[in-house]
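Written below as structure tokens is the structure these notes are about.
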Amino acid sequence: MTAASVVTFGETMALVRTTEIGSLRHAHGMALGIGGAETNVAIGLARLGVAVSWLGRVGDDSLGERVAREIRAEGVDVRTVVDTDAPTGLMVKERPSAASTAVHYYRAGSAGSRIADADLPDGWIEDASLLHVTGITPLLSSTARSAVLAAVARARSAGVRVSFDINYRSALAAATVAGPVLREIAELADIVFGGADEFGILYPEASSAEAAALLRDAGCATTVLKQGPAGATVFAGDAVVESSGFVIDAIDTVGAGDAFVAGYLSALLEGLDVDTTLRRANACGAMACLTPGDWEAAPTLRDLARFLDGDSDPVRR
């Protein structure tokens, strides 16, 4: 198989979500799917024409088979390690109100949390153009943290660019515990994505601009500040580039940050300029909010072109 342009790994879980607004206490309808930050990015990249490979551990169960099948169906090269001693993780998503979403994780001791550096095949990282990792995986377990650090070390040794999305999850570790772990990885990366609060976890006393300067001093070439509907800002060397977001009626914001990253990385790999890259990333993030689900609304290039054409007819005939 031809080497992927982007490789990524981490835990993807089965996802159960309510099909109506309201508490789980009274939910009648549920829909089954999958979700995981790294595969959200992988699917987003695949839809934008990037060759991408994802690796993860799943349980020897129907949910693990569902995870692998769904991702493979999206054109991603899937490399699963089937764990016969642990189940596939599960997350449950509810919408208590039209303006809020709550996600509950059942992943302690899951197969995905048991990923280790021995699971990463020889040459898989070295043959890629870019390795993408998130701050979720290193907080899952000591073996998962070791796997991320080993992957980053292999990428750097081979001259493969490293992309890191901080993607802090308070359910996995307190900020004081997560901060040093995530900072270590960020300072080894070439591109770091995060929100203002996430950069605050890396450097509690610094502003986002100061955090970008600290990362630059550590060797990180590019820092991308995700600002949701307000857009995004890129710090690259001494240059600062800002880009406005898009006004939409959001249905489900979970996964928007991952779609943003996919849009950014796809444009980066195409060699597009920073302004165009940010416009694509912001558009992908906005489009991901237009339907329920973590990745289902991630756009193709055709979808993206239609969205960016503000004069297009909303009815396709």
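Because the structure is predicted, anything quoted here is derived from the model rather than measured.
By the criterion of side-chain heavy atoms lying less than 4.5 angstrom apart, applied directly or through intervening Ile, Leu, Val, Met, Phe, Trp or Tyr residues, Leu15 is not grouped with Val41; the two fall into different hydrophobic clusters. Note: the hydrophobic cluster containing Leu32 also contains Tyr106 (ILVMFWY, side chain heavy atoms under 4.5 Å, direct or indirect links). Connection of Leu182 to Leu131 is established within a shared hydrophobic cluster, with ILVMFWY side chains joined at heavy-atom distances below 4.5 Å, either directly or through further cluster members. Cluster membership for Leu45 and Leu130, using ILVMFWY side-chain heavy atoms within less than 4.5 angstrom, is shared. Under the 4.5 Å side-chain heavy-atom criterion for Ile, Leu, Val, Met, Phe, Trp and Tyr, Phe9 and Val52 are members of distinct hydrophobic clusters.
Within the 4.5 Å cutoff, the side chain of Met30 has heavy atoms near those of the Leu24 side chain. Looking at heavy atoms from C-beta onward, Ser53 lies in side-chain contact with Arg79 at the 4.5 angstrom threshold. Considering only heavy atoms from C-beta on, Val50 comes within 4.5 Å of Leu269 through its side chain. In this structure, Val261 and Thr134 have side chains that are not in contact, with every pair of non-hydrogen atoms separated by 4.5 Å or more. A 4.5 Å side-chain heavy-atom check between Leu140 and Arg107 finds at least one atom pair inside the cut-off. Residues Phe164 and Leu188 fail the side-chain proximity criterion, which asks for heavy atoms closer than 4.5 Å. In this structure, the side chains of Pro292 and Ile251 come closer than 4.5 Å at one or more pairs of heavy atoms. Counting heavy atoms from C-beta outward, Tyr105 and Leu172 have side chains that stay 4.5 Å or more apart.
Between the side chain of Ser113 and the main chain of Ser141, no donor-acceptor pair closer than 3.5 Å is present. A distance-only check finds no donor-acceptor pair linking the side chain of Tyr168 to the backbone of Gly179 [under 3.5 Å]. The closest donor-acceptor contact from the side chain of Ser207 to the backbone of Glu210 lies under 3.5 Å. In this structure, Trp54 contributes its side chain and Asn40 its backbone to no donor-acceptor pair below 3.5 Å. Remark: side-chain polar atoms of Thr19 are paired, donor with acceptor, to backbone N or O of Gly29 under 3.5 angstrom. Looking at Glu126, its side chain does come within 3.5 Å of a backbone N or O of Gly123 through a donor-acceptor pair. Ser266 places a side-chain N or O within 3.5 Å of a backbone atom of Ala262 that can act as its donor or acceptor partner. Side-chain N or O atoms of Glu38 include none that pairs as donor or acceptor with a backbone N or O of Thr8 at under 3.5 Å. Glu74 places no side-chain N or O within donor-acceptor distance of the main-chain N or O of Arg47, the cut-off being under 3.5 Å.
Salt bridge status for Asp303 with Arg306: present, with a side-chain N to carboxylate O gap under 4.0 Å. Salt-bridge formation is detected for the pair Lys226/Asp165: a Lys NZ or Arg NE/NH1/NH2 atom is positioned less than 4.0 Å from an Asp or Glu carboxylate oxygen. Looking at Glu70 and Arg66, a side-chain N of the basic residue comes within less than 4.0 Å of a carboxylate O on the acidic one, giving a salt bridge. Ion pairing between a basic and an acidic side chain is recognised when a charged N comes within 4.0 Å of a carboxylate O; Asp294 and Lys93 show such pairing. The pair Asp238-Arg216 counts as a salt bridge, with a side-chain nitrogen and a carboxylate oxygen less than 4.0 angstrom apart.
Between the CG atom of Leu120 and the CG atom of Leu55 there is a distance of 6.0 Å, given to the nearest 0.5 Å. Put simply, OG1 on Thr222 and CG on Asp190 are 8.0 Å apart, with the number rounded to the nearest 0.5 Å. Interatomic distance, Asp83 CG to Thr88 OG1, rounded to the nearest 0.5 Å: 9.0 Å. Atom-to-atom distance recorded for Met13:CE and Leu63:CG is 11.5 Å, nearest 0.5 angstrom. Going from atom CH2 of Trp124 over to atom CG of Asp119 covers 10.0 Å, rounded to the nearest 0.5 Å. Once rounded to the nearest 0.5 Å, the distance linking CZ of Arg279 with CZ of Phe246 reads 4.5 Å.
Of all heavy-atom pairs spanning Ala186 and Leu202, the tightest one is CB-CD1, 3.9 Å. Between Ser244 and Asn282, the closest heavy-atom pair is O-ND2, 3.2 Å. Heavy-atom minimum distance, Cys284 versus Leu48: SG-CD1, 4.1 Å. Counting all heavy atoms, side chain and backbone alike, Ala37 lies closest to Asp258 at CA-OD2, 3.6 Å. The two residues Pro96 and Ala102 come nearest to each other via the heavy atoms CD-N, 4.0 Å. Gly255 approaches Ala288 most closely through the heavy-atom pair O-CB, 4.3 Å.
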* Asked: Given the rule in the side-chain contact (heavy atoms from CB on, under 4.5 Å) test, do Ile34 and Trp295 qualify, once you have shown the distances and angles that lead to the verdict?
  -> CA-CA 9 Å; Ile34 65 162; Trp295 53 268; 3.6 Å; yes
* Would Val67 and Thr80 count as a side-chain contact (heavy atoms from CB on, under 4.5 Å) if you check the C-alpha gap in whole Å, the side-chain angles of each, and the deciding distance to 0.1 Å? -> CA-CA 9 Å; Val67 166; Thr80 53; 5.7 Å; no
* Report the C-alpha distance between Leu215 and Phe235 in whole Å, list the side-chain angles of each, state the deciding distance to 0.1 Å, and finish with yes or no for side-chain contact (heavy atoms from CB on, under 4.5 Å). => CA-CA 10 Å; Leu215 285 170; Phe235 301 87; over 6 Å; no
* Asked: Taking it one step at a time, do Ile185 and Leu149 satisfy side-chain contact (heavy atoms from CB on, under 4.5 Å)?
  -> CA-CA 7 Å; Ile185 299 166; Leu149 290 172; 4.0 Å; yes
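With a 6.0 Å radius and a threshold of 12 heavy atoms from other residues, nucleotides or ligands, Asp122 has its CG atom at or below the threshold.
No side-chain N or O of Glu94 forms a donor-acceptor pair with one of Thr18 less than 3.5 Å apart.
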